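Worksheet: the structure to be examined is printed underneath.
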Number of protein chains: 2
Amino acid sequence: MNKLTGFVDLTSNEISVLREATAFPRRFDARQDLIREGDTPGPVFVVLDGWVCRYKILPAGTRQIMAFLLPGDACDLHMGMFPEMDHSIQALTPARVAVIPQADMHRMMEKHRGIARAMYMAQLVDEATLRAWIVSMGRRSSVERIAHLVCELYLRAHGSGLVTGSEFALPLSQIILADTLGMTPVHINRVLKELRLAGAMKLARGSLTIIDPIRLVQIAGFDENYLHRRLGQPVIATAESGHD
Amino acid sequence: MNKLTGFVDLTSNEISVLREATAFPRRFDARQDLIREGDTPGPVFVVLDGWVCRYKILPAGTRQIMAFLLPGDACDLHMGMFPEMDHSIQALTPARVAVIPQADMHRMMEKHRGIARAMYMAQLVDEATLRAWIVSMGRRSSVERIAHLVCELYLRAHGSGLVTGSEFALPLSQIILADTLGMTPVHINRVLKELRLAGAMKLARGSLTIIDPIRLVQIAGFDENYLHRRLGQPVIATAESGHD
DNA sequence: CGTGGGATTGATTTTTGTCAAGTTCTGTGG
DNA sequence: CCACAGAACTTGACAAAAATCAATCCCACG
């Protein structure tokens with residue numbers, strides 16, 4: 001739960017309420033769907049452990065991943081207002097996910113305004129991340145795209161307490177990266193090689209090593225602003241931002 | 001305001017409250033920013049007239065448009081929780097925009113739950129639209145992307161009461177389309193020609209004519225599901241959806 | 001009438017995808 | 001502990017898509 005407290009200060013009471021609400025998580029295998037396109041949206045999901053993604057399969061059979069959910073991330077709490085899911089959600093690794101009924105969540109948010117604030121804040125950040133992805137897909141080259149995604153995931157993993165040094169577990173195959181960034185696995189492979197040869201980063205066997213953080217941030221043109229993390233010591237250096 | 005009532009039933013009282021809150025809109029010229037990246041987020045904007053977009057300028061000087069706001073659309077009501085805007089918002093045409101102070105908006109939503117529901121619903125749809133754009137940019141060809149965007153905008157314009165027949169005002173230059181879809185203006189031009197020659201649609205002098213709706217929807221692989229409009233007579237035909 | 005921004009078109013280059021053939025890795029069952 | 005099957009990764013050769021460069025052309029507007 002240190003993810004939510006990353007945005008908003010919660011009282012110890014609120015924290016224990018949250019802990020209680022997520023006390024009995026459900027386990028999912030890698031590649032198991034939490035919910036599928038067309039299903040009736042139900043409870044709010046909160047990821048406690050593992051990596052999860054939102055994705056959509058197109059008629060042609062291709063897949064596009066639209067978001068990653070890391071431990072501490074929650075799925076849209078209002079999704080229940082929709083009659084039907086317009087995309088699917090799947091575990092990428094074995095995962096523990098708290099499944100909180102709509103009604104419970106609403107009651108909790110009514111009673112504990114700090115939790116409500118934290119949830120709204122989290123949703124805002126999710127939305128900002130969607131916009132950042134659109135920017136990447138529209139206006140960044142393939143090298144920049146990969147570098148940018150890695151910067152984002154590094155910071156987010158760090159915020160979820162998954163990172164200690166400059167190396168961290170990134171359980172994303174090149175196929176998953178391709179489906180995320182709108183490229184082919186073959187091309188992902190070549191670009192990863194390029195980044196490796198440039199001495200910026202290395203992805204091997206599910207583990208990512210950031211060799212030259214400054215270089216990587218420069219390549220990505222990364223500006224962490226959109227993640228709206230609360231000020232603290234910078235985790236990695238940041239390229240000058242591009243305000244016009 | 002018929003946009004919000006498109007999602008949720010509002011009481012006549014709620015409708016008049018909304019009308020009152022938006023009674024004194026501000027006017028913006030085309031190309032004028034409502035708010036810029038780096039600014040402190042302030043009030044909630046509600047577009048009453050004209051076309052508005054969210055966009056971001058990258059360090060290289062390129063622009064990416066991330067969303068269009070049509071009459072009836074509102075900007076994220078919680079944006080005020082962020083210390084600073086991570087993108088800009090600009091009028092594409094002369095526009096009338098209601099500028100509602102945060103506090104007023106919150107009071108209104110506390111008192112009139114129907115309005116709160118409608119706002120949440122609208123935000124959910126905005127988010128679903130961002131996801132749909134990611135899918136387009138990642139996994140659709142340039143022809144499909146343009147066709148898909150046009151289908152979306154046609155339905156949304158229709159929902160905002162801007163359309164009567166199969167022709168409607170689409171005040172987007174090829175340059176704006178390029179910055180929206182992540183392509184170059186030159187390529188947009190060629191694809192538009194292709195769509196024209198295919199007898200699907202024609203865009204000329206700010207006016208879009210859908211010549212063959214079925215064809216256009218087929219080309220786009222369009223499934224309106226993500227817009228979550230309430231059932232009513234279908235506005236244009238829909239291709240079979242791609243649930244797996 | 002110019003004039004400037006947008007639209008259009010052709011020629012060429014760059015980027016990315018496609019196809020195809022290995023190679024490495026990982027986990028399973030004997 | 002080893003053999004093997006399947007999946008992921010890697011690489012090269014080639015094709016397709018899109019960007020870039022460079023002229024015009026066409027209007028709307030002052």
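So you know, we letter chains A, B, ... as the sequences are listed, proteins then strands, and number each from 1. All values below were derived from every heavy atom in this structure, side-chain atoms included, with hydrogens, water molecules and symmetry-related copies excluded. What you see is a predicted model; the values in this text were computed from it and never measured.
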Checklist outcome for this item: Picking from C/dC25, C/dT18, C/dT8, the nucleotide nearest the side-chain atoms of A/R205 would be C/dC25
Next on the checklist: Parallel, tilted or perpendicular: which one describes the rings of B/Y226 and B/F222, with boundaries at 30° and 60°?
Outcome noted: perpendicular
Checklist entry - Tell me: CE of A/M183 to C1' of D/dT10, nearest whole Å? => result 16 Å
Next on the checklist: OP1 or OP2 of D/dT11 versus the side-chain N and O atoms of A/K193: is any pair under 4.0 Å?
Outcome noted: yes
Next on the checklist: Need one value for B/R31: base, sugar-phosphate or nothing, where a base atom within 4.0 Å counts as base even if backbone is also close, heavy atoms only.
Outcome noted: sugar-phosphate
Next on the checklist: Quick check for you: among D/dG12, C/dG10, C/dG6, whose closest atom lies nearest to any side-chain atom of B/V186?
Outcome noted: C/dG10
Next on the checklist: Check this for me, if you would: do A/R190 and A/E194 make a salt bridge, where the nitrogen-to-carboxylate-oxygen distance has to be below 4.0 angstrom?
Outcome noted: no
Checklist outcome for this item: In whole angstroms, the gap separating P of D/dA17 from CZ of B/R140 amounts to 18 Å
Checklist entry - Taking CD from A/Q174 and P from C/dT24, how many angstroms apart are they, rounded to a whole number? => result 15 Å
Item to check | Atom-to-atom span, CG of A/L192 to C1' of D/dT11 - whole angstrom | outcome: 14 Å
Checklist entry - For A/K202 and D/dC9, what is the distance between atoms NZ and C1' respectively, to the nearest whole Å? => result 15 Å
Checklist entry - Looking for any heavy atom pair under 4.0 Å, which part of the strands does A/G206 touch: base, sugar-phosphate only, or nothing? => result nothing
Item to check | Parallel, tilted or perpendicular: ring planes of B/W51 versus B/F68, cut at 30 and 60 degrees | outcome: perpendicular
Next on the checklist: Need to verify one output field. Residue with the more 5' nearest nucleotide on DNA chain C, A/I188 or B/L172?
Outcome noted: B/L172
Item to check | A/L170 CG to D/dC9 P, straight-line distance once rounded to whole Å | outcome: 11 Å
Item to check | Spacing between A/N189 atom CG and D/dG12 atom C1', to the nearest angstrom | outcome: 12 Å
Checklist entry - Should the pair B/H228 and A/F82 be assigned to parallel (<30°), tilted (30 to 60°) or perpendicular (>60°) ring geometry? => result parallel
Item to check | Nearest-nucleotide pick for A/S173, side chain only, options being D/dA8, D/dT11, C/dG6 | outcome: D/dA8
Next on the checklist: Whether the side chain of A/R190 and the base of C/dT18 hold a donor-acceptor pair under 3.5 Å is what I'd like checked.
Outcome noted: yes
Checklist entry - Are OP1 or OP2 of C/dT16 and a side-chain N or O of A/S142 less than 4.0 angstrom apart? => result yes
Next on the checklist: Could you check whether B/R139 pairs with A/D179 (Lys NZ or Arg NE/NH1/NH2 to Asp/Glu carboxylate O, under 4.0 Å)?
Outcome noted: yes
Item to check | Whole-Å distance separating the NE2 atom of B/H187 from the P atom of D/dA19 | outcome: 6 Å
